[in-house]
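In what follows, chains are A, B, ... by sequence order, proteins preceding strands, each numbered from 1. All values below were derived from every heavy atom in this structure, side-chain atoms included, with hydrogens, water molecules and symmetry-related copies excluded.
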There are 2 protein chains.
Amino acid sequence: MPPPAVRDITKGRRGGYSPIVPTNRKPRVTIDHVARATGVSRQTVSRAINNKTEIDPETRQRILDAARAMGYRPSRFARGLVRQDVITIGLVIADVLNPFFPEVTAGVLQAAERRGWQVVVYNTGSEYRKELEVIDMLFDQVDVGVAFLFHNDAIAKAAGANLPFILLDTGGRAPALPGVRIDFESGTRQGLEYLISRGHRRIAMLDDEMYLSSEAPNTRRELYLKVMDERGITVDAGWIQPAHNSVEGGAAAMERLLAAHRDVTAVFAYNDMIAIGAQLRARKLGLRVPEDCAFLGFDGLSVGELVEPPLTTLHIDKRRLGEVAVEQAALLLGGTDEGEIPEAVIEPQLIVRAST
Amino acid sequence: MPPPAVRDITKGRRGGYSPIVPTNRKPRVTIDHVARATGVSRQTVSRAINNKTEIDPETRQRILDAARAMGYRPSRFARGLVRQDVITIGLVIADVLNPFFPEVTAGVLQAAERRGWQVVVYNTGSEYRKELEVIDMLFDQVDVGVAFLFHNDAIAKAAGANLPFILLDTGGRAPALPGVRIDFESGTRQGLEYLISRGHRRIAMLDDEMYLSSEAPNTRRELYLKVMDERGITVDAGWIQPAHNSVEGGAAAMERLLAAHRDVTAVFAYNDMIAIGAQLRARKLGLRVPEDCAFLGFDGLSVGELVEPPLTTLHIDKRRLGEVAVEQAALLLGGTDEGEIPEAVIEPQLIVRAST
DNA sequence: CTGAAAGCGCTAACAA
DNA sequence: TTGTTAGCGCTTTCAG
């Protein structure tokens with residue numbers, strides 16, 4: 001037998017409705033309480049709360065006052081259960097602190113607001129475990145997932161989860177899920193051809209270190225190799241440096257690159273954050289930008305306009321990316337079959353500034 | 001009598017379960033469907049879905065397979081109704097695109113995740129109507145609000161809404177609601193005293209234009225006036241320029257300032273974004289920073305480290321701000337009375353970089 | 001204008 | 001191990 005004494009105390013405290021000693025968790029005020037307190041039926045309370053017309057204005061006011069005084073708040077669960085209308089979208093991003101994602105989020109929030117949808121946000125840090133966990137959460141808590149997923153296992157899990165799902169950046173992987181594709185191939189091509197047209201040949205690449213071991217095809221690095229090859233430029237293996245996806249990561253990678261290959265004349269970075277860090281460090285080490293070394297980013301973050309010199313970049317319309325994803329989610333929820341969702345493509349645009 | 005024909009057609013389309021022509025909205029698969037399909041009670045299905053122990057492994061698997069095949073997904077509403085455990089916090093921010101807020105959001109998301117809470121995000125743009133609207137949404141959709149609110153009417157509404165509510169930045173207003181206070185007075189004092197100690201006297205202020213008509217006391221502008229007065233420095237009205245809260249706004253304000261008062265030697269900006277825009281424009285107009293004019297920001301955004309010269313700023317621990325707010329929300333939900341919530345204060349810290 | 005009945009989809013408690 | 005019985009709190013018919 002378990003010791004009942006202890007248990008009873010606990011129960012007593014939680015369940016006790018002592019009007020003097022405030023209990024820890026206040027019991028919920030329900031529509032029935034309000035109905036009883038005002039001497040009407042709960043339907044009438046419901047009418048008052050929901051601003052229905054079929055109700056005596058006086059009664060309504062009386063009920064509203066009482067409800068407010070009692071601290072009544074309708075349960076969203078009970079409500080949602082009966083009128084299945086509130087739609088919640090689960091937005092999964094890698095890192096709120098990377099300016100790329102707030103812009104995507106802005107697009108998602110705007111599109112969602114237009115439709116009266118809610119947006120729950122999850123941050124994964126692109127960690128394997130978190131990505132898998134978050135899919136379970138989505139499954140339980142939202143009507144549709146819109147997600148940046150790095151790991152193939154997570155994508156596979158999402159695909160098998162019986163949950164409407166849209167990928168932000170389907171990224172050349174097998175189209176297990178509908179979503180938006182960012183045309184990195186076009187971007188990479190635009191960027192490198194531009195550099196080459198400006199006379200650069202020894203073009204280094206600072207890659208996101210996470211993609212070193214990636215199973216994903218069509219990474220920016222592979223596209224870089226492909227385009228360089230097409231142009232008949234032999235890439236020295238040392239030109240490619242892995243970088244942590246951050247300003248500091250870009251700086252460190254640049255330092256390593258310069259130690260080994262001081263002769264590169266341009267740097268093609270995985271993204272703007274890495275490019276900015278690299279450029280900053282290069283200048284600190286005495287190089288002139290772009291005369292000694294040019295820098296090309298990828299993303300088109302607005303911070304690129306603020307650094308010295310302003311960063312040339314392959315601009316992605318991140319806001320639109322978020323909006324389009326929500327539109328696709330709407331199609332999915334509207335009953336369109338997963339296979340029928342038209343592929344949306346975001347095409348990067350070269351923006352030339354002073355860093356090249 | 002209403003014309004029934006039209007109505008009937010509508011009803012027929014929505015309710016028709018034609019197996020050939022897919023209807024627009026597929027009817028929800030419920031636990032009962034799965035139960036019937038597998039020949040067990042719905043309780044058993046529930047056990048299988050929720051990984052309970054009291055169930056034959058074989059039965060469980062059979063049910064799980066069927067559920068998956070049928071596309072069954074438990075309703076979060078029905079579930080929430082019975083086990084009242086999932087807590088959702090409504091995070092209201094002014095602008096996702098201002099780097100200040102993603103940092104706060106990071107703190108909120110992290111603290112929420114630790115507790116297993118959901119976070120729904122709303123963006124108001126500090127618009128009067130949106131702020132008011134969002135409070136209605138919160139009231140309906142979340143368990144507790146954590147919000148940046150600019151307009152006093154919105155704060156008042158939130159205070160009267162019978163919803164647990166925490167303010168991010170209570171900002172010297174009447175303590176209608178618990179929340180975190182950012183100690184702008186301390187920050188302003190640190191910043192201005194530092195500038196004065198460096199010999200500056202003609203210190204301009206670029207204020208957020210939204211606060212021109214604000215009812216809030218203790219704005220950064222008023223604190224600036226107060227400290228300058230304490231130091232015996234007479235402030236020329238023209239030193240104060242309103243700026244749109246953005247880099248471009250800061251730039252425009254700086255240009256106006258220089259047109260009228262080229263003799264100022266330092267600029268105290270409402271925040272980093274404005275400071276960065278101002279500094280950029282000043283340099284473009286030929287001023288040397290900090291020799292001709294020094295710049296001091298407020299926020300401590302990481303972008304301040306990337307500009308040229310790096311920005312001196314009053315750093316606010318935004319991440320901690322978000323975390324603390326969630327901790328206060330937890331107290332509120334735990335039953336602590338609103339008045340008992342201890343005031344949390346975030347103290348800005350002067351970070352000296354090359355812009356001063 | 002108001003109330004009674006029914007049920008949204010699920011799980012906790014109790015029986016079998 | 002499984003099924004039955006009660007709700008969770010609300011809104012939607014349908015009667016009065």
- [ ] Give a yes or no on whether B:R115 atom CZ has more than 12 heavy-atom contacts from other residues, nucleotides or ligands under 6.0 Å away.
- [x]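 It does: B:R115 CZ has more than 12 such atoms within range.
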Open item on the list: Take a 6.0 Å sphere around CZ of B:R114 and say whether it holds more than 12 heavy atoms from other residues, nucleotides or ligands.
Closed with: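 Yes - once you tally the heavy atoms of other residues, nucleotides and ligands closer than 6.0 Å, there are more than 12.
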Electrostatic pair [X]-[Y], nearest N-O below 4.0 angstrom:
X	Y	value
A:K157	A:E131	no
B:R79	A:D140	yes
A:E58	A:R62	no

Open item on the list: If the condition is ring pair (Phe, Tyr, Trp, His ring centres under 6.0 Å), which residues does A:F101 pass it with, not counting sequence neighbours?
Closed with: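 Ring pair (Phe, Tyr, Trp, His ring centres under 6.0 Å) check on A:F101 returns A:F148.
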- [ ] Specify the separation, in whole Å, of atom CZ of B:R62 and atom C1' of D:dT2.
- [x]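 In whole Å, D:dT2 C1' lies 12 Å from B:R62 CZ.
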Open item on the list: Rounded to whole Å, how long is the line connecting atom NZ of A:K52 with atom C1' of D:dT11?
Closed with: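 Atom NZ in A:K52 sits about 8 Å away from atom C1' in D:dT11.
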Open item on the list: For A:Q61, give me all partners under side-chain hydrogen bond (donor to acceptor under 3.5 Å, both in side chains), at least two apart in sequence or on another chain.
Closed with: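 For A:Q61, the residues satisfying side-chain hydrogen bond (donor to acceptor under 3.5 Å, both in side chains) (neighbours in sequence not counted) are A:D65.
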- [ ] Check whether any side-chain N or O of A:R68 sits under 3.5 Å from a backbone N or O of B:N162 as a donor-acceptor pair, and report yes or no.
- [x]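 No: the side chain of A:R68 does not pair with the backbone of B:N162.
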Task: Axis-to-axis angle between the two ends of the helix from C:dC1-D:dG16 to C:dA16-D:dT1 (five base pairs per end, rounded to 10 degrees) - done: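 Computed angle between terminal axes is 30°.
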Open item on the list: I'd like to compare against my own output: the B/S/- annotation of nucleotides 3-9 of chain D with a strict under-4.0 Å heavy-atom distance to protein.
Closed with: BB-BBBB
Open item on the list: Does any part of the side chain of B:L138, heavy atoms only, come nearer than 4.5 Å to the side chain of B:V92, both counted from C-beta?
Closed with: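 Yes; the side chains approach each other to less than 4.5 Å.
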Open item on the list: Could you tell me the boundaries of the chain A footprint on DNA chain C, defined by atoms under 4.0 Å from its heavy atoms?
Closed with: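 So the outermost contacting nucleotides come out as C:dC1 to C:dG9.
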Open item on the list: For A:D143, give me all partners under salt bridge (Lys or Arg N to Asp or Glu O under 4.0 Å), at least two apart in sequence or on another chain.
Closed with: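 In terms of salt bridge (Lys or Arg N to Asp or Glu O under 4.0 Å), with neighbours along the sequence ignored, A:D143 is linked to B:R76.
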Open item on the list: Closest-nucleotide mapping onto DNA chain C: is A:R60 or B:R83 further toward the 5' terminus? I mean the 5' end.
Closed with: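 Result: A:R60.
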